[in-house]
**Q** 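Structure provided below as structure tokens; questions to follow.
Computed from a predicted structure; not experimentally measured.
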Amino acid sequence: MKGYKPTSLLFVFCFLIVMSGCSPYTENNIVEEIAPVIFWSIKNDPNGQLSITTLVPPLIKETKQTFTLKVDLIKQGGKEFNLKYYRELKTGQLRMLFINKELAFKGIRTLINTLFTDPDVSSRLYIVIVDGDFEAYLKNQLSKQPSLDYFLYRMLKHYEKYNQGDMSIVNLHEFMKQLYSPFQDPILPVFKADKNNFTYEGTALFHGDKLKTTINNMDDQIFQLLGNDRYVKLLALPKQKLVLGRVRSKVEFRLDQTTKVLHVTDQINGRLEEYQGNKNLLNQSELSSLNKEVEVYLEHETTELLKNMQKEKVDPLQIGLLTTSPFFERMTSKEWKDQWENIKLDVHFSLKIQPVTTGNKM
């Protein structure tokens with residue numbers, strides 16, 4: 001038995017190294033010789049290659065510049081960046097991935113899988129769809145805002161942390177979970193970019209790994225109430241000339257598989273922040289009339305949003321999960337998508353408006 005002792009100790013030592021995440025291979029990580037990568041911006045080149053852009057250096061006090069390469073593979077890009085920059089680029093601090101909208105239409109599964117299986121890349125990596133010329137925005141904005149990459153990261157982190165319903169913020173872990181779920185299609189935020197602006201546009205709805213459609217303005221606000229944060233900080237209703245604040249949603253989906261009807265009931269509660277209409281809201285009758293007007297409007301807009309999802313065969317709200325039961329065989333994802341587009345919709349809103357008083361200040 002004594003002869004096996006050194007072998008056993010060696011096995012335990014190797015096991016502890018693996019479990020601790022340490023690698024037996026050493027890499028050059030001297031701070032003065034490396035440059036952490038904060039983000040990649042990726043789009044399709046007209047020649048069929050990938051165009052990858054980043055900013056360097058991210059931390060030290062040198063004038064920042066954009067680097068762009070045209071490559072066939074993502075990892076190839078990471079390697080070739082190092083051949084033209086005096087510091088070695090490391091992806092350990094990669095926090096954002098900006099994907100061009102045209103590339104998203106073609107499918108991003110291989111791109112996402114490559115990053116997810118990279119042990120150096122955090123699953124907290126934010127993923128953003130960009131509609132427009134992000135590189136032009138970077139080059140123009142750098143002279144005004146040297147810490148542009150840090151600014152963008154803080155913005156995404158802020159809206160993720162507080163779930164304010166103003167943006168759909170999705171990280172790599174969440175996207176992977178949605179991508180491989182049989183009854184949930186992924187979503188990502190969409191930002192519009194041009195030379196002078198980089199602004200939130202709405203939510204991108206995917207079918208599998210391919211972008212199908214984007215929703216914005218009122219549709220995006222309703223989507224936040226239905227299934228994302230179920231809360232919006234401000235809900236502006238220009239047609240009713242009012243703004244509701246701190247709107248919370250209590251939504252219930254019920255699918256009647258016999259009649260093929262999806263019943264949606266949503267109780268929303270919000271504070272009246274602004275009203276520029278002609279109704280006297282101190283009169284209970286006129287307040288009830290406005291309340292009903294808003295409910296009818298939200299029911300119509302929600303029905304149209306759900307019809308759009310049916311038309312595109314996307315299900316980001318996990319409606320398909322309502323078909324599962326321990327007593328019946330579960331249908332496949334394809335069977336549900338074929339059935340989803342023919343489901344009838346029955347949407348009802350119940351709105352409770354809190355008038356502004358000094359007693360409900362928050």
**Q** Report yes or no: do Tyr200 and Asn216 form a side-chain donor-acceptor pair below 3.5 Å?
**A**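 Side-chain D/A pair, Tyr200 to Asn216: absent.
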**Q** Can Arg95 and Asp149 be counted as an ion pair, charged N to O under 4.0 angstrom?
**A** no
**Q** Is the CG atom of Asn283 crowded by more than 12 outside heavy atoms at less than 6.0 Å?
**A**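 Counting other residues, nucleotides and ligands, CG of Asn283 exceeds 12 neighbours.
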**Q** Just checking, any donor-acceptor pair under 3.5 angstrom between side chains of Ser41 and Glu135?
**A** yes
**Q** If a pair satisfies ring-ring contact (aromatic ring centres under 6.0 Å, His included) and one of its residues is in residues 249-278, list it, with sequence neighbours excluded.
**A** none
**Q** I'd like to know if the side chain of Thr302 and the backbone of Glu299 have a donor-acceptor N/O pair within less than 3.5 Å.
**A** no
**Q** Listed by chain and number, what are the side-chain contact (heavy atoms from CB on, under 4.5 Å) partners of Lys212, not counting sequence neighbours?
**A**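 Scan of Lys212 (side-chain contact (heavy atoms from CB on, under 4.5 Å), adjacent residues dropped) gives His207, Glu312, Val314.
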**Q** Clusters formed by hydrophobic residues whose side-chain heavy atoms approach within less than 4.5 Å: which one holds Leu234, and what are its other members?
**A**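 Val243, which link up through side-chain heavy atoms under 4.5 Å apart, make up the rest of the cluster.
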**Q** Would you call the rings of Tyr150 and Tyr153 parallel, tilted or perpendicular, taking 30° and 60° as the class edges?
**A** tilted
**Q** Given 3.5 Å as the limit, does a donor-acceptor pair link the side chain of Glu295 with the main chain of Leu351, or not?
**A**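 Yes: the side chain of Glu295 pairs with the backbone of Leu351.
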**Q** Can we say Glu293 and Lys239 salt-bridge, meaning some charged N sits less than 4.0 Å from an Asp/Glu carboxylate O?
**A** no
**Q** Please tabulate, one pair per line, all N/O donor-acceptor pairs under 3.5 Å involving side-chain atoms of residues 69-79, not counting sequence neighbours.
**A**
| unit_1 | atom_1 | unit_2 | atom_2 | d |
| --- | --- | --- | --- | --- |
| Asp72 | OD1 | Gln49 | NE2 | 3.4 |
| Lys75 | NZ | Asp118 | OD2 | 2.5 |
| Gln76 | OE1 | Asp72 | N | 3.0 |
| Gln76 | OE1 | Leu73 | N | 3.2 |
| Gln76 | NE2 | Glu80 | OE2 | 3.0 |

**Q** Ring centres of Phe98 and Phe191 under 6.0 Å apart?
**A** no
**Q** Quick one: sort the Phe81 and Trp40 rings into parallel, tilted or perpendicular, breaks at 30° and 60°.
**A**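 Phe81 and Trp40: parallel rings.
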**Q** Between Asp256 and Lys260, does any side-chain N to carboxylate O distance fall below 4.0 Å?
**A** no
**Q** I would like to know whether Glu274 and Lys241 meet salt bridge (Lys or Arg N to Asp or Glu O under 4.0 Å); could you show each step before the answer?
**A** CA-CA 8 Å; Glu274 180 181 355; Lys241 298 183 178 181; over 6 Å; no
**Q** Does the side chain of Ser51 pick up a donor-acceptor pair with the side chain of Asp45 at under 3.5 Å?
**A**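 Distance-only check fails for Ser51 and Asp45.
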**Q** So, are Arg254 and Glu252 salt-bridged, with charged N and O less than 4.0 Å apart?
**A**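 Between Glu252 and Arg254 there is no salt bridge, as every charged N stays at least 4.0 Å from the carboxylate O atoms.
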**Q** Whether the Ser168 and Thr203 side chains hold a donor-acceptor pair (N or O, under 3.5 Å, no angle test) is what I'd like checked.
**A** yes
**Q** How close do Val294 and Gln240 get, heavy atom to heavy atom, and via which atoms?
**A**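 Between these two residues, the closest heavy atoms are CG2-CG, 3.9 Å.
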**Q** Output, in order, the C-alpha distance, side-chain angles, deciding distance and verdict of salt bridge (Lys or Arg N to Asp or Glu O under 4.0 Å) for Asp166 and Lys233.
**A** CA-CA 7 Å; Asp166 294 328; Lys233 192 173 183 179; 5.8 Å; no
**Q** Please go through Val261's hydrophobic cluster and name the other residues, only I, L, V, M, F, W, Y counting, with side-chain heavy atoms under 4.5 Å joining them.
**A** none
**Q** When you check the side-chain N and O atoms of Asn140 and Asn196, is any donor under 3.5 Å from an acceptor?
**A** yes
**Q** For Lys144, look at atom NZ and say whether over 12 heavy atoms of other residues, nucleotides or ligands are found less than 6.0 Å away.
**A** yes
**Q** Who passes side-chain contact (heavy atoms from CB on, under 4.5 Å) against Asp315, sequence neighbours left out?
**A** Asp185, Leu317, Ile319, Trp336, Lys337, Trp340
**Q** May I ask you to check whether over 12 heavy atoms, not counting those of Arg124, lie within 6.0 Å of atom CZ?
**A**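 No.
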**Q** With distance as the sole test, does Glu301 use its side chain to make a donor-acceptor pair with the main-chain N or O of Met218 at under 3.5 Å?
**A** no
